[in-house]
Amino acid sequence: RLQGLAEGAARAHVATLQAADKNVTNASVVSLDPATGQVLVMLGSIDYWDAGIDGQVNVALSPRQPGSAFKPITYATAFAQGYTPATMILDVRTTFPQPGRPPYVPENYDRKYHGPVLLRTALANSYNIPAVKLLEMVGIPNVQLMAHQMGINGLNGQYGLALTLGGGEVTLLDLTYAYSVLAAQGRMLGAPVPDLRRRIGYRELDPVPILRVTDSAGNVLDDFSQPQERAVLTPSQAFLITDIL
């Protein structure tokens, strides 16, 4: 039922965007139960049989730039370092030097500057300049580590300050799993990552797409009945991000 609802919603949304002359042809949807880590919905495209949109490519598992959906991970890193929603940051025109390249001068979506703002205000309004400044303050490697611990298996290279604006590619499944940590008060729930795929500093659990495997005689070969959990954020850190969002 949920899969059918997701298919209908995705197709309707793409049709609405196309009617508004937007160049949109496809969509993907992932829904998780944060209390268990179960994958409830995975829609890879709006039409598996449409070769014109590469319908047989599962976009939910394909790396894509997440845009501002990545910003909460930067802010979660900041709160873990002791910053608070009441920390003030300047939303003004700022030039960030880049050795060997032209300087980086980010702009906000509304092309305006908002002066002194609280981190709460900056994230709630998705201001770009404060997010870039905050990434510089907390450190790109620390944000990458937080992303890995929250569930993102990609982002393994070297990135610049545009990372906080979604400049690195992640999968929709991984990003949804990271958001499930916020929904579960800082906890990650799911099935243990197999030993051969486990990496230091990355998530120790995986989302669960299959609940039970049996053989032809009905013997249970694998059963997911009790999720494991890991603490990734403190409950207060997760609450602050969720409250702001």
Side-chain angles (χ1 to χ4, degrees), residues 63-91 94-101 103-106 117-171 173-188 193 197-206 229-245:
R64 293 288 190 274
Q65 290 192 347
S68 292
F70 189 82
K71 286 175 184 170
I73 296 176
T74 300
Y75 283 80
T77 307
F79 294 161
Q81 291 186 10
Y83 295 93
T84 77
T87 299
M88 191 270 288
I89 196 166
L90 291 177
D91 181 16
T94 307
T95 299
F96 298 90
Q98 299 185 108
R101 292 185 294 169
Y104 178 44
V105 186
V117 295
L118 305 181
L119 291 189
R120 171 181 291 277
T121 303
L123 176 56
N125 290 278
S126 194
Y127 294 153
N128 289 341
I129 297 170
V132 174
K133 286 189 172 184
L134 190 63
L135 175 60
E136 185 179 54
M137 290 160 61
V138 302
I140 294 174
N142 293 324
V143 172
Q144 284 181 269
L145 178 60
M146 176 64 76
H148 295 156
Q149 292 175 339
M150 288 182 68
I152 293 176
N153 278 329
L155 299 180
N156 301 314
Q158 293 188 342
Y159 300 90
L161 293 174
L163 175 65
T164 192
L165 308 182
E169 294 187 336
V170 304
T171 69
L173 178 60
D174 280 2
L175 188 64
T176 307
Y177 200 35
Y179 268 71
S180 77
V181 172
L182 300 175
Q185 294 78 53
R187 298 172 299 140
M188 174 178 288
V193 174
R197 289 200 292 107
R198 188 167 296 180
R199 293 179 289 173
I200 296 175
Y202 289 73
R203 72 189 193 208
E204 298 180 5
L205 302 177
D206 278 337
E229 67 175 69
R230 300 287 188 275
V232 179
L233 300 171
T234 67
S236 60
Q237 290 162 358
F239 170 81
L240 292 176
I241 296 293
T242 302
D243 185 62
I244 294 170
L245 295 180

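The first residue in the sequence is number 1, and the count goes up from there.
- Looking only at distances, a side-chain donor or acceptor of Q185 sits under 3.5 Å from a matching main-chain atom of A183.
- Contact check for V143 versus T164: no side-chain heavy atoms found under the 4.5 Å cut-off.
- The two residues Y104 and L165 come nearest to each other via the heavy atoms OH-CD1, 3.3 Å.
- Residues G166 and P66 share a closest heavy-atom pair of O-CD, 3.5 Å.
- Taking CG of N128 as the start and NZ of K133 as the end, the distance is 13.0 Å to the nearest 0.5 Å.
- D174 places a side-chain heavy atom less than 4.5 Å from the side chain of R203.
- You'll find the side chain of P106 reaches within 4.5 Å of the side chain of F96, heavy atoms only.
- Partner of R120 under the side chain to side chain donor-acceptor pair (under 3.5 Å) criterion, out of D243, T87, N125: D243 alone.
- F70 approaches I152 most closely through the heavy-atom pair CE1-CD1, 4.3 Å.
- In terms of modelled atom types and a separation under 3.5 Å, the side chain of Q237 and the main chain of V232 share no donor-acceptor contact.
- Considering CG of L161 and CG of L135, their distance stands at 5.5 Å, rounded to 0.5 Å.
- Note: I244 CD1 to L182 CG = 10.5 Å, rounded to the nearest 0.5 Å.
- E204 pairs by the salt bridge (charged side-chain N to carboxylate O under 4.0 Å, His left out) definition with R230, not counting sequence neighbours.
- The minimum heavy-atom distance between T171 and P63, with the atom names listed, is CG2-N, 4.1 Å.
- With Y179 contributing its side chain and A69 its backbone, the two residues share a donor-acceptor pair below 3.5 Å.
- Counting heavy atoms from C-beta on, the side chains of E169 and Q65 come closer than 4.5 Å.
- For the pair T77/L145, no side-chain contact is recorded, criterion being any heavy-atom separation below 4.5 Å from C-beta on.
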Go through the steps to decide whether F79 and T234 satisfy the test side chain to side chain contact (heavy atoms under 4.5 Å, CB included), and finish with yes or no.
-> CA-CA 10 Å; F79 294 161; T234 67; over 6 Å; no

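- If you take CE on M137 and CD1 on I89, they are separated by 5.0 Å, rounding to the nearest 0.5 Å.
- At least one side-chain heavy atom of L163 sits under 4.5 Å from a side-chain heavy atom of L155.
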Can you check side chain to side chain contact (heavy atoms under 4.5 Å, CB included) on Q158 and I140, steps first, answer last?
-> CA-CA 9 Å; Q158 293 188 342; I140 294 174; over 6 Å; no

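- Within the 4.5 Å cutoff, the side chain of Y75 has no heavy atoms near those of the P85 side chain.
- Remark: the backbone N or O of V138 is paired with a side-chain donor or acceptor of N142 at under 3.5 angstrom.
- Residue pairs meeting the salt bridge (charged side-chain N to carboxylate O under 4.0 Å, His left out) criterion with at least one partner in residues 76-87, sequence neighbours excluded, do not occur; the list is empty.
- Expressed to the nearest 0.5 Å, how far CG of L175 lies from CZ of R64 amounts to 13.5 Å.
- Closest heavy-atom contact between T95 and P97: O-CD, 3.6 Å.
- Contact check for L123 versus I241: side-chain heavy atoms found under the 4.5 Å cut-off.
- Note on ring orientation: taking the six-membered ring where Trp is involved, the planes of Y202 and H148 are parallel (angle under 30°, cut-offs 30° and 60°).
- Here the CZ atom belonging to R199 is positioned 5.0 Å from the CG atom belonging to N156, to the nearest 0.5 angstrom.
- The two residues Y127 and P130 come nearest to each other via the heavy atoms CB-CD, 3.6 Å.
- The backbone N or O of K71 sits nowhere less than 3.5 Å from a side-chain atom of S68 that would complete a donor-acceptor pair.
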